[in-house]
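Notes follow the structure.
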Number of protein chains: 2
Amino acid sequence: MRTLKVPEATITRLSVYSRYLSKLKKQGKITISSTDIAVGAGVNPAQVRKDLSFFGEFGTRGVGYDVDQLNWDILKILSLDEEWTVALVGFGHLGQAVTMHRVFKERGFNFTSIFDNDPNKIGTMVEGVEILPSERIEEVISKNKNRIGIITVPADAAQGAADALVKGGVQAILNFAPIHLTVPQEIELREVDLAVNLEVLTFHLDIQRQGYSRPLSFIR
Amino acid sequence: MRTLKVPEATITRLSVYSRYLSKLKKQGKITISSTDIAVGAGVNPAQVRKDLSFFGEFGTRGVGYDVDQLNWDILKILSLDEEWTVALVGFGHLGQAVTMHRVFKERGFNFTSIFDNDPNKIGTMVEGVEILPSERIEEVISKNKNRIGIITVPADAAQGAADALVKGGVQAILNFAPIHLTVPQEIELREVDLAVNLEVLTFHLDIQRQGYSRPLSFIR
DNA sequence: TAGATTGTTAATCGATTAACAATC
DNA sequence: TAGATTGTTAATCGATTAACAATC
């Protein structure tokens with residue numbers, strides 16, 4: 001077994017490259033250079049080649065990469081050559097946004113378990129899936145064999161949702177609630193914080209007022 | 001003027017610390033150590049102290065930090081001591097999720113311009129704000145003096161939305177569309193990619209199958 | 001004074017990028 | 001062969017963390 005040290009950032013970029021390649025394919029493009037991928041993804045060309053080099057050789061020197069082939073290779077690396085069934089806890093606005101999000105469908109994610117505690121929502125069908133109360137998370141998740149859980153509940157309910165998901169047997173959690181969750185070591189946890197991203201902007205906008213200069217690395 | 005090299009990651013963590021401090025304050029906690037902040041934010045204690053050190057000295061040796069004071073100090077650093085008015089383009093599920101999101105209200109963000117091209121939505125009021133067609137972005141943004149724009153339209157409409165926001169005079173853009181946008185250098189751009197975050201999880205879950213080992217830095 | 005905890009330096013660690021040989 | 005572009009090494013750059021003096 002090869003042992004590689006793949007940076008987390010490499011994985012996120014591979015996902016971006018792949019989506020850009022899908023788009024290029026629709027446009028009928030056959031081959032592409034690392035420079036062009038870099039432009040599409042907003043990164044350095046050397047970065048693109050380095051990222052790919054963790055997983056093998058995918059291009060042809062002097063020529064570039066085959067758009068379709070490279071896309072498939074990356075999808076394979078990301079394990080997107082299989083179908084994934086996902087559980088979602090919290091069918092509020094954010095939960096609805098996630099389940100309906102075009103990009104998740106396009107990339108083969110299937111929401112097979114949906115939970116919410118609103119009595120008006122429980123029992124409702126969402127694209128063939130019944131909304132269930134969160135007390136049934138453990139039971140239903142393990143029945144449906146969901147390996148990934150997405151949390152879109154308010155902050156104060158998020159840890160409870162995570163605990164239930166873990167009990168039900170998920171191996172990975174994507175948390176959108178604005179709170180840091182504690183999960184067992186072996187569970188993959190990824191936290192996406194909407195407010196933080198907005199607050200990084202406010203920091204930068206008033207940077208002159210406060211007299212902090214930006215590091216060179218911020219300059220695009 | 002002091003010249004500091006503040007890592008982008010420091011800013012995101014400050015935002016997380018601040019939210020955790022708000023929570024602690026509600027719980028009646030008066031002082032806190034860097035170790036406890038670190039636990040709440042899921043980072044290293046040295047990291048917390050280092051992050052703060054870019055901006056000054058906020059604690060008392062041997063004692064710790066005053067919860068409320070530190071929170072205000074961080075809010076000041078992030079420029080959250082002022083009100084921010086925000087423009088949103090795309091009032092689909094994701095746009096609704098963002099405007100309704102509790103955390104944005106709590107942190108003082110005010111959506112004063114909302115755009116969507118759905119004829120059924122145009123003219124509708126959302127908490128006192130009328131939904132307008134996106135051809136009016138430039139005009140309305142500059143009238144409302146929005147400095148920040150949030151993009152929650154589908155990928156193929158995102159660049160157009162960004163261009164209009166820039167023409168209207170926004171200084172920062174938060175992009176949720178799954179595509180890399182091109183904006184003038186002086187515009188702060190932050191891209192939050194929902195699909196990417198899910199695909200990082202699928203990569204990790206099938207890592208054994210493929211035989212890639214995870215770097216030590218991944219181990220929590 | 002003893003114990004606790006900050007603020008900061010220096011070491012470590014990791015990620016990005018430039019450069020270039022390999023090769024189509 | 002000349003031009004183009006990859007794959008990879010080595011250098012650079014930046015971020016994290018350990019350690020400890022300062023000090024409450």
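Computed over heavy atoms, backbone and side chain alike; hydrogens, waters and symmetry mates excluded. Order of the sequence lines sets the chain letters (A, B, ...), proteins ahead of strands, with each chain counted from 1. The structure displayed is predicted, hence computed values, not measured ones.
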Practice task
Nearest-nucleotide wise, let me know which of B:Gln47 and A:Val63 is further upstream toward the 5' end of DNA chain D.
Solution key: A:Val63
Handout entry: OP1 or OP2 of D:dG7 under 4.0 Å from side-chain N/O of A:Tyr65
Key = yes
Exercise for the section: Pick out which of B:Asp51, B:Asn71, B:Thr12 makes a side chain to side chain donor-acceptor pair (under 3.5 Å) with B:Tyr17. Expected result: B:Asp51
Problem - Min side-chain heavy-atom separation B:Ile74-B:Phe55 under 4.5 Å - result: no
Practice task
List in numerical order all residues of residues 12-27 of chain B for which some heavy atom is under 4.0 Å away from an atom belonging to DNA chain C.
Solution key: none
Practice task
Answer yes or no: is there a donor N or O on one side and an acceptor on the other, between the side chain of B:Thr152 and the main chain of B:Val89, under 3.5 Å?
Solution key: yes
Problem - Rounded distance (Å) that lies between atom P of D:dT6 and atom CG of A:Asn44 - result: 12 Å
Problem - Rounded interatomic separation in angstrom, taking CD1 from A:Ile37 and P from D:dG7 - result: 10 Å
Exercise for the section: Take the protein atom CD1 of A:Ile32 and the nucleotide atom C1' of D:dT6, then report the distance between them rounded to whole Å. Expected result: 14 Å
Practice task
Look only at the side chain of B:Thr99 and the backbone of B:Gly95, and say whether a donor-acceptor pair between them is shorter than 3.5 Å.
Solution key: yes
Nucleotides 8-12 of chain D: which of its N/O atoms have a protein N/O under 3.5 Å away?
| residue | atom | partner | partner atom | Å |
| --- | --- | --- | --- | --- |
| D:dT8 | OP1 | A:Glu57 | OE2 | 3.4 |

Handout entry: For atom CZ of B:Phe58 and atom P of C:dT6, their distance in whole Å
Key = 14 Å
Handout entry: A:Ile179 backbone acceptor or donor facing A:Asn175 side chain under 3.5 Å
Key = yes
Problem - Between C1' of D:dA15 and CD of B:Glu8, the distance in whole Å - result: 13 Å
Practice task
Indicate yes or no: does B:Glu8 engage B:Arg13 in a salt bridge with an N to O separation below 4.0 Å.
Solution key: no
Problem - Residue matched to D:dG14 through Watson-Crick or wobble contacts both under 3.5 angstrom - result: C:dC13
Exercise for the section: Figure out the CG/C1' separation between B:Asp66 and D:dC24, and round it to whole Å. Expected result: 15 Å
Practice task
Go ahead and name the base partner of C:dA21; Watson-Crick or wobble counts if both distances stay under 3.5 Å, otherwise write none.
Solution key: D:dT6
Exercise for the section: Give a yes/no answer on whether the side chain of B:Ser34 brings an N or O atom under 4.0 Å of OP1 or OP2 in C:dT6. Expected result: yes
Exercise for the section: Provide the closest heavy-atom pair for B:Arg19 versus A:Ala195 in the form atom of the first, atom of the second, distance. Expected result: NH1-CB, 3.7 Å
Handout entry: B:Ile11 CD1 - D:dA15 C1' separation (whole Å)
Key = 14 Å
Practice task
Determine yes or no for a side-chain-to-main-chain donor-acceptor pair under 3.5 angstrom, with A:Thr202 supplying the side chain and B:Leu78 the backbone.
Solution key: yes
Problem - Donor-acceptor side-chain pairing of A:Asp66 and A:Thr31 below 3.5 angstrom - result: no
